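Everything on this sheet refers to the single structure shown next.
Keep in mind it's a predicted model, so treat the numbers as computed, not measured. FYI, side chains are in, hydrogens and waters are out, and symmetry mates aren't considered; it's all heavy atoms of this structure.
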Amino acid sequence: MRGLALFVVFGVAAAVPGFAQDEDLPVVTEAPSADEAWSAPEPAELWVNGNAAYEAGDFAQAVALYREMREMGVDNGYLHYNLGNAYLRAGELGRAIASYRRSLRLLPRDEDALANLAFARRGARDEIAPPEPPLLLRTLLFWHYSLAPVELLRSVVVVGAAFWIVLAVRLYRRASEVLRWSSVCLLLGVLALGGSLVAHAAFAPTIAVVLPQEIDLHAAAGEGSVVRFRLHAGTEVRVVEERPEWVRIELPDGQRGWSKREYLGIVD
């Protein structure tokens with residue numbers, strides 16, 4: 001599970017606006033609060049300078065500064081979101097989509113990231129549906145898809161504590177139907193939330209996004225193998241096998257092919 005790095009720049013820092021000149025897209029005008037902040041001065045300085053570069057229209061410099069933060073170990077939904085904005089403005093569609101997806105893994109209900117991801121997807125050339133769970137499954141398991149792993153962990157702790165408290169009270173009020181059904185509901189809640197936490201850690205699908213304008217997908221892991229099909233920047237696919245230099249992906253129709261790892265943005 002990823003750790004959630006948090007931001008602060010002397011208590012207050014302005015986040016990069018989303019896409020102020022595009023009427024279809026939301027604009028983020030507030031940074032995380034001081035409670036959601038980091039305290040290390042070096043990342044804070046990079047954050048401020050990256051925001052300033054973005055606002056000045058120097059998107060390549062903004063990308064470089066945000067990436068430097070990532071290399072320092074900062075893994076935060078707001079950073080990935082701003083990095084996605086900078087990539088998109090710099091014309092790197094695949095990297096933008098990968099960054100938005102990383103942002104949504106940490107901030108699954110963030111409306112700005114959802115809107116900007118939808119906007120970026122409209123620029124993809126291949127008419128291939130992104131790998132997403134079915135709507136029915138997302139509806140039935142709403143907590144699994146609407147809570148980030150760290151939120152699931154906190155919920156398990158809170159609901160679990162409530163379960164044991166109710167269980168302790170039942171020792172003195174065994175005849176209470178309210179307490180009996182409360183304990184049953186809380187236990188089901190712990191199992192559901194805990195199961196989702198395990199699923200995120202062990203069974204979450206790995207997604208890859210095509211980065212170059214066009215790549216070849218080979219029948220085997222090697223440059224000399226037969227090219228089965230081609231994909232273009234921004235296409236999102238499911239990863240089925242990984243090797244040090246090669247990655248095997250699968251399309252919704254079942255087609256599979258190998259690509260060099262450097263051509264794909266892995267979202268894990």
Margin query: Would Leu88 and Phe59 count as a side-chain contact (heavy atoms from CB on, under 4.5 Å) here? Give the steps.
Written below: CA-CA 9 Å; Leu88 194 58; Phe59 306 120; over 6 Å; no
Item checked: Test item: Val184 and Leu188 side chains (from C-beta on) under 4.5 Å apart, heavy atoms -> yes
Checklist line | Derivation of the side-chain contact (heavy atoms from CB on, under 4.5 Å) call for Tyr145 and Leu137 | finding: CA-CA 9 Å; Tyr145 295 104; Leu137 191 62; 3.4 Å; yes
Note to self: Please tell me whether Val169 and Leu186 are part of a single hydrophobic cluster in this structure, the criterion being side-chain heavy atoms less than 4.5 Å apart.
What the structure shows: yes
Margin query: Quick check on the hydrophobic clustering: are Leu191 and Leu141 connected, directly or via other members, by side-chain heavy-atom contacts under 4.5 Å?
Written below: yes
Item checked: For Pro252 against Ile128, the heavy-atom pair lying closest together -> CD-CG2, 3.6 Å
Checklist line | Considering all heavy atoms, the nearest Ala120-Tyr100 contact | finding: CB-CE1, 4.2 Å
Notebook entry, point to check: Side-chain contact, heavy-atom cut-off 4.5 Å: Arg230 with Asp126?
Noted result: no
Item checked: Shortest non-hydrogen contact from Ser259 toward Ile215 -> OG-CD1, 3.7 Å
Checklist line | Criterion side-chain contact (heavy atoms from CB on, under 4.5 Å) on Leu264 and Val239, from CA distance to verdict | finding: CA-CA 10 Å; Leu264 299 173; Val239 173; 5.7 Å; no
Check: Shortest non-hydrogen contact from Arg228 to His218?
Finding: CG-C, 4.0 Å
Checklist line | Joint cluster assignment, Val157 & Trp164, ILVMFWY side-chain distance < 4.5 Å | finding: no
Notebook entry, point to check: Does Trp181 belong to the same Ile/Leu/Val/Met/Phe/Trp/Tyr cluster as Leu167, with side-chain heavy atoms less than 4.5 Å apart forming each link?
Noted result: no
Next item on the list: Might you work through the side-chain contact (heavy atoms from CB on, under 4.5 Å) test for Leu147 and Arg154, ending with a clear yes or no?
Entry: CA-CA 10 Å; Leu147 295 176; Arg154 291 170 183 164; over 6 Å; no
Check: Just by modelled atom types, is the Arg173 backbone N or O under 3.5 Å from a matching donor or acceptor in the Ser176 side chain?
Finding: no
Note to self: Could you check whether any side-chain heavy atom of Asn51 comes within less than 4.5 Å of a side-chain heavy atom of Leu65, counting everything from C-beta outward?
What the structure shows: no
Checklist line | Note, Arg248 side chain near Arg256 side chain (heavy atom, < 4.5 Å) | finding: yes
Note to self: Between Arg109 and Glu151, does any NZ, NE, NH1 or NH2 come within less than 4.0 Å of an OD or OE carboxylate oxygen?
What the structure shows: yes
Margin query: Would the distance check show the side chain of Arg102 and the main-chain N or O of Ile266 forming a donor-acceptor pair, the cut-off being under 3.5 Å?
Written below: yes
Notebook entry, point to check: What are the two closest heavy atoms between Ala148 and Pro108, and how far apart are they?
Noted result: N-CG, 3.5 Å
Next item on the list: Check step by step if side-chain hydrogen bond (donor to acceptor under 3.5 Å, both in side chains) holds for Asp216 and Tyr263.
Entry: CA-CA 10 Å; Asp216 294 331; Tyr263 298 152; over 6 Å; no
Notebook entry, point to check: Under 3.5 Å, is there a donor-acceptor pair between the side chain of Arg95 and the main chain of Gly84?
Noted result: no
Next item on the list: For Trp143, look at atom CH2 and say whether over 12 heavy atoms of other residues, nucleotides or ligands are found less than 6.0 Å away.
Entry: yes
Note to self: For Arg138, is there an ion pair with Glu132 - N to carboxylate O distance below 4.0 angstrom?
What the structure shows: no
Notebook entry, point to check: When rounded to the nearest 0.5 angstrom, what distance separates CG in Leu140 from CG in Leu135?
Noted result: 9.5 Å
Notebook entry, point to check: Going by atom types only, do Asn49 and Tyr66 share a side-chain donor-acceptor pair under 3.5 Å?
Noted result: no
Next item on the list: State the CG-CZ distance between Leu179 and Arg170, to the nearest 0.5 angstrom.
Entry: 7.0 Å
Notebook entry, point to check: Counting only N and O atoms by type, is there a donor-acceptor contact under 3.5 Å from the side chain of Ser103 to the main-chain atoms of Ser99?
Noted result: no
Next item on the list: Look at the side chain of Ser146 and the backbone N and O of Phe142, then say whether any donor-acceptor pair between them is shorter than 3.5 Å.
Entry: yes
Checklist line | Student check: side-chain heavy atoms of Trp246 and Glu262 closer than 4.5 Å | finding: no
Margin query: Assess whether a salt bridge exists between Arg243 and Glu241, defined as any Lys/Arg side-chain N lying under 4.0 Å from an Asp/Glu carboxylate O.
Written below: yes
Item checked: Distance-minimising heavy-atom pair for Ser183 and Arg180 -> OG-O, 2.6 Å
Note to self: Any salt bridge linking Arg101 with Glu236? Criterion: basic side-chain nitrogen under 4.0 Å from a carboxylate oxygen.
What the structure shows: yes
Margin query: Taking the side chain as everything from C-beta on, heavy atoms only, tell me whether Lys260 gets closer than 4.5 Å to Glu223.
Written below: yes
Checklist line | Distance (rounded to the nearest 0.5 Å) between Phe119 CZ and Ile97 CD1 | finding: 11.0 Å
Item checked: Side-chain ion pair, Glu245 and Arg261, N-O less than 4.0 Å -> no
Note to self: Rounded at 0.5 Å granularity, tell me how far CZ in Arg67 sits from CE in Met72.
What the structure shows: 15.0 Å
Next item on the list: Check each of Asn85, Leu107, Asp75 against His80 using the side-chain contact (heavy atoms from CB on, under 4.5 Å) test, and report the only one that passes.
Entry: Asp75
Notebook entry, point to check: Is a side-chain donor-acceptor pair under 3.5 Å present for Tyr81 with Asn116?
Noted result: yes
Margin query: Once rounded to the nearest 0.5 Å, what's the spacing between atom CG of Leu211 and atom CG of Leu93?
Written below: 10.0 Å
Notebook entry, point to check: In Å and rounded to the nearest 0.5 Å, what is the CH2 to CD1 distance from Trp258 to Ile249?
Noted result: 11.0 Å
Note to self: Is there a continuous path of hydrophobic side-chain contacts, each under 4.5 Å between heavy atoms, that joins Val247 to Val240?
What the structure shows: no
Notebook entry, point to check: Do Ser196 and His144 have side-chain N/O donor and acceptor atoms under 3.5 Å apart?
Noted result: yes
Check: Are Thr206 and Val267 close enough that some pair of their side-chain heavy atoms sits under 4.5 Å apart?
Finding: no
Check: With side chains defined as the heavy atoms from C-beta onward, is the minimum distance between Thr235 and Val209 less than 4.5 Å?
Finding: no
